[in-house]
Protein chains: 2
Amino acid sequence: MSAPQGWEEIRAEVLRRIDRRDWAPGAIIPTEAELAAEFGCARATVNRALRELAAQGVLERRRKAGTRVATLPVRKATLDIPVTRLEVEGRGQHYDFRLLEASETVPPVPVSSRLGLAPDATLWHLRTLHFADGQPFLYEDRWLNPAVLPDGLPEDMAEVSINEWLVKTVAYTYGDIAFSAANARADDAAHLGVEPGAALFITERTTWAGEAPVTAVRLAYAPGYRLHTVL
Amino acid sequence: MSAPQGWEEIRAEVLRRIDRRDWAPGAIIPTEAELAAEFGCARATVNRALRELAAQGVLERRRKAGTRVATLPVRKATLDIPVTRLEVEGRGQHYDFRLLEASETVPPVPVSSRLGLAPDATLWHLRTLHFADGQPFLYEDRWLNPAVLPDGLPEDMAEVSINEWLVKTVAYTYGDIAFSAANARADDAAHLGVEPGAALFITERTTWAGEAPVTAVRLAYAPGYRLHTVL
DNA sequence: TAGTGGTCTAGACCACTAT
DNA sequence: TAGTGGTCTAGACCACTAA
């Protein structure tokens with residue numbers, strides 16, 4: 001074997017050694033300095049490779065204790081969270097949407113508490129139905145904090161989806177996201193054109209800009225939706 | 001503002017400037033060299049901060065073209081894919097499991113084709129029910145390529161779950177994973193103790209070790225399961 | 001307290017690509 | 001072709017922690 005060149009080749013070589021069981025799960029591997037000497041490169045280069053593998057869950061690193069092959073690898077999967085239009089167009093389908101509601105009202109308590117707002121605070125309530133090739137694809141139910149919208153909502157909602165207008169207008173710094181399955185509620189079923197009780201893939205997102213809550217949104221995907229990624 | 005120290009503070013400062021719209025979506029930001037001069041640090045430190053933000057989808061970087069704030073941020077979410085036992089114990093619940101089936105048989109065609117095997121190849125078929133505090137938590141239906149098991153399956157299946165035995169024994173190099181929702185099939189319902197048709201969160205994983213297919217598994221979670229992460 | 005990883009520096013060369 | 005990010009180097013100091 002010729003010595004690996006560059007941090008990506010070093011990463012690949014480390015994975016090979018783990019796969020070949022030269023380094024078994026739980027075993028300690030050589031230090032950065034030792035590997036750098038073996039590969040004839042700087043320690044920083046080895047560090048880069050091992051750091052990526054640790055971020056991926058393949059290795060566990062602790063100062064002084066050294067670097068080990070993860071015994072029970074908590075593998076990390078990276079998901080892309082695209083804007084709906086791009087998700088639909090990425091499948092080669094035509095994207096369209098219809099705004100069902102845009103009103104300013106007091107949300108249900110679970111929503112206001114999730115955003116950390118007073119129970120009587122009013123929010124924008126935006127409901128949108130997204131289509132792929134004319135078929136209902138996604139039913140979006142969004143609550144939006146008007147405090148983060150100095151200029152209010154745009155006049156012409158027909159031109160861009162709220163979704164895209166938001167991400168261009170309100171940057172968020174932190175958010176959380178949860179995926180689950182739910183039987184279609186009456187409104188889900190009506191909008192998506194499925195029987196009540198059909199199993200739907202649900203995404204719920206909450207985002208903040210600094211300390212200020214921005215939006216809480218529930219996305220109900222039409223049956224057949226799959227969120228896919230590589231490990 | 002005092003100059004940020006270290007790449008994490010630089011990353012935070014960049015996010016602040018994006019949040020404050022000093023740097024708007026789509027706008028180009030200063031070069032690494034300029035930022036390094038402003039912050040009084042080495043270019044490599046700025047590079048580290050901006051590289052992390054680009055990996056997260058906040059920035060878009062291209063040589064010569066410079067670094068821009070992402071217009072339609074395809075945000076990246078990182079999911080942890082732990083072993084089931086750790087997932088249950090991480091909730092403070094007691095973990096247990098029961099092996100329902102361990103046989104060597106010819107799988108349905110969708111399974112063999114997904115693994116790239118001949119339709120008449122035999123595989124191990126392992127079905128396991130996982131419990132959290134004694135309640136059914138996850139129904140696992142796994143097909144396993146015997147070719148990757150030089151010594152066959154372990155004698156005593158009661159001591160460790162197949163899940164953990166596998167990850168310790170068979171390192172995989174590539175895999176893909178998909179999440180979806182499905183109405184409970186008859187077997188799902190029977191094992192998980194729910195009504196047929198209940199909405200279940202489904203995870204399907206396929207893994208390879210080099211060119212050799214390792215395993216294809218379908219995980220059906222009991223209702224209420226949520227996959228959660230931060231953005 | 002000593003060993004190991006985490007980070008930073010100042011400089012260099014390279015790879016890619018807008019112009 | 002020139003500008004920008006991508007990576008590497010050789011060395012240094014620091015932070016954490018196992019022994």
Side-chain angles (χ1 to χ4, degrees), chain A residues 1-15 17-18 23-71 73-74 76 78, chain B residues 1-15 17-18 23-71 73-74 76 78:
Chain A
M1 174 206 83
S2 66
Q5 302 298 321
W7 71 268
E8 291 181 302
E9 290 186 31
I10 291 176
R11 179 183 57 181
E13 173 62 18
V14 170
L15 280 175
R17 293 186 183 185
I18 292 172
W23 296 335
I28 201 162
I29 76 172
T31 66
E32 293 186 351
E34 289 167 348
L35 289 173
E38 177 189 345
F39 296 145
C41 69
R43 182 166 78 92
T45 307
V46 174
N47 177 273
R48 174 75 185 272
L50 299 187
R51 174 159 38 85
E52 301 269 338
L53 288 171
Q56 195 187 332
V58 175
L59 298 177
E60 291 170 355
R61 320 194 72 195
R62 288 204 319 278
R63 283 156 158 142
K64 167 74 176 181
T67 300
R68 295 177 175 279
V69 181
T71 28
V74 178
K76 268 78 171 174
T78 302
Chain B
M1 174 208 83
S2 63
Q5 301 298 319
W7 71 268
E8 289 179 302
E9 289 186 30
I10 291 177
R11 178 183 58 182
E13 174 62 18
V14 170
L15 280 174
R17 292 185 184 187
I18 293 172
W23 297 335
I28 201 163
I29 76 173
T31 66
E32 292 187 349
E34 290 165 347
L35 288 174
E38 176 188 346
F39 296 145
C41 67
R43 182 167 77 91
T45 307
V46 174
N47 176 272
R48 174 74 185 273
L50 299 187
R51 175 159 37 85
E52 301 269 339
L53 289 171
Q56 195 186 334
V58 175
L59 298 176
E60 290 171 355
R61 321 194 71 195
R62 285 200 328 273
R63 283 156 157 140
K64 167 76 177 176
T67 299
R68 294 176 177 280
V69 181
T71 27
V74 178
K76 270 79 170 173
T78 302

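All chains are named by letter (A, B, ...) in the order of the sequence lines, taking the proteins before the strands, and each is independently numbered beginning at 1.
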Enquirer: Starting from P on dT9(D), measure out to CD on Glu32(A) and report it in whole angstrom.
Expert: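 It is 13 Å, rounded to the nearest whole Å.
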Enquirer: Figure out the CD/P separation between Glu60(A) and dT17(D), and round it to whole Å.
Expert: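 After rounding, the reported distance stands at 14 Å.
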Enquirer: From the list dG5(C), dG5(D), dA18(C), which nucleotide is the closest neighbour of the side chain of Ala65(B)?
Expert: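 For the Ala65(B) side chain, the nearest candidate turns out to be dA18(C).
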Enquirer: Without decimals, in angstroms, what is the distance between Arg63(B) CZ and dC14(C) P?
Expert: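 Computing the Arg63(B):CZ to dC14(C):P distance gives 13 Å.
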Enquirer: Report yes if a donor N or O on one partner sits less than 3.5 Å from an acceptor N or O on the other, where the partners are the side chain of Arg43(A) and the base of dT4(C); otherwise report no.
Expert: no
Enquirer: Mind calculating the distance between CG (Asn47(B)) and C1' (dC8(D)) to the nearest angstrom?
Expert: 12 Å
Enquirer: Considering only heavy atoms from C-beta outward, does the side chain of Glu52(A) approach that of Trp7(A) to under 4.5 Å?
Expert: yes
Enquirer: What I'd like to find out is whether the side chain of Phe39(B) reaches to under 4.5 Å of the side chain of Glu9(B), using heavy atoms alone.
Expert: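 Not in contact.
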Enquirer: Using only modelled atom types and a 3.5 angstrom limit, is any donor from either the side chain of Arg62(B) or the base of dG3(D) paired with an acceptor on the other?
Expert: no
Enquirer: Does any non-hydrogen side-chain atom of Ile29(A) lie less than 4.5 Å from one of Arg68(A)?
Expert: no
Enquirer: Nearest to the side chain of Lys64(A) - dA2(C), dA10(C), dA10(D)?
Expert: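 The closest nucleotide is dA2(C).
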Enquirer: How many angstroms lie between CD in Glu8(A) and CZ in Arg48(A), if you round to the nearest 0.5 Å?
Expert: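 Going from the CD atom of Glu8(A) to the CZ atom of Arg48(A) covers 8.0 Å.
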Enquirer: Checking only heavy atoms, does the side chain of Arg51(A) share a donor-acceptor pair with the base of dT7(C) at less than 3.5 Å?
Expert: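 Result: no qualifying N/O pair found.
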Enquirer: Could one point to a donor on the side chain of Arg48(B) or the base of dG6(C) with an acceptor on the other under 3.5 Å away?
Expert: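 When only heavy-atom distances are counted, Arg48(B) does not reach the base of dG6(C) through any donor-acceptor pair under 3.5 Å.
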Enquirer: More 5' along DNA chain C: Gly66(A) or Ala44(A), using each one's nearest nucleotide?
Expert: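 Counting from the 5' end, the first nearest nucleotide belongs to Gly66(A).
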Enquirer: Taking the side chain as C-beta and beyond, is there a heavy-atom pair between Ile10(B) and Leu35(B) under 4.5 Å?
Expert: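 With C-beta onward as the side chain, the pair stays apart.
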Enquirer: Tell me: CH2 of Trp7(A) to P of dG6(C), nearest whole Å?
Expert: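 Trp7(A) atom CH2 is separated from dG6(C) atom P by 15 Å.
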Enquirer: Side chain of Thr31(A) only, heavy atoms from C-beta on: which candidate in dA10(D), dG5(C), dG5(D) is closest?
Expert: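 So the nucleotide nearest the side chain must be dG5(C).
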Enquirer: What's the CD-C1' distance between Glu8(A) and dG6(D), to the nearest Å?
Expert: 10 Å
Enquirer: OP1 or OP2 of dT4(D) versus the side-chain N and O atoms of Thr67(B): is any pair under 4.0 Å?
Expert: no
Enquirer: Under a 3.5 Å limit for both distances, which nucleotide forms a Watson-Crick or G-U wobble pair with dT9(D), could you say?
Expert: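 Base-paired to dA10(C).
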Enquirer: What's the CD-C1' distance between Glu52(B) and dG5(D), to the nearest Å?
Expert: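 One finds 16 Å between C1' of dG5(D) and CD of Glu52(B), rounded.
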Enquirer: Figure out the CZ/P separation between Phe39(B) and dT7(C), and round it to whole Å.
Expert: 18 Å
Enquirer: Can you identify which nucleotide, out of dG6(C), dT9(D), dG5(D), has its nearest atom closest to the Arg61(A) side chain?
Expert: dG6(C)
Enquirer: Here's a test for you: under side chain to side chain donor-acceptor pair (under 3.5 Å), which of Arg62(B), Glu60(B), Arg61(B) qualifies with Thr67(B)?
Expert: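 Exactly one candidate clears the test, Arg61(B).
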Enquirer: Counting Watson-Crick and G-U wobble pairs only, both distances under 3.5 Å, name the nucleotide matched with dT4(C), or none.
Expert: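 Base partner found: dA15(D).
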Enquirer: Between Thr45(B) and dT7(C), is there a contact of a side-chain N or O with OP1 or OP2 at under 4.0 Å?
Expert: no
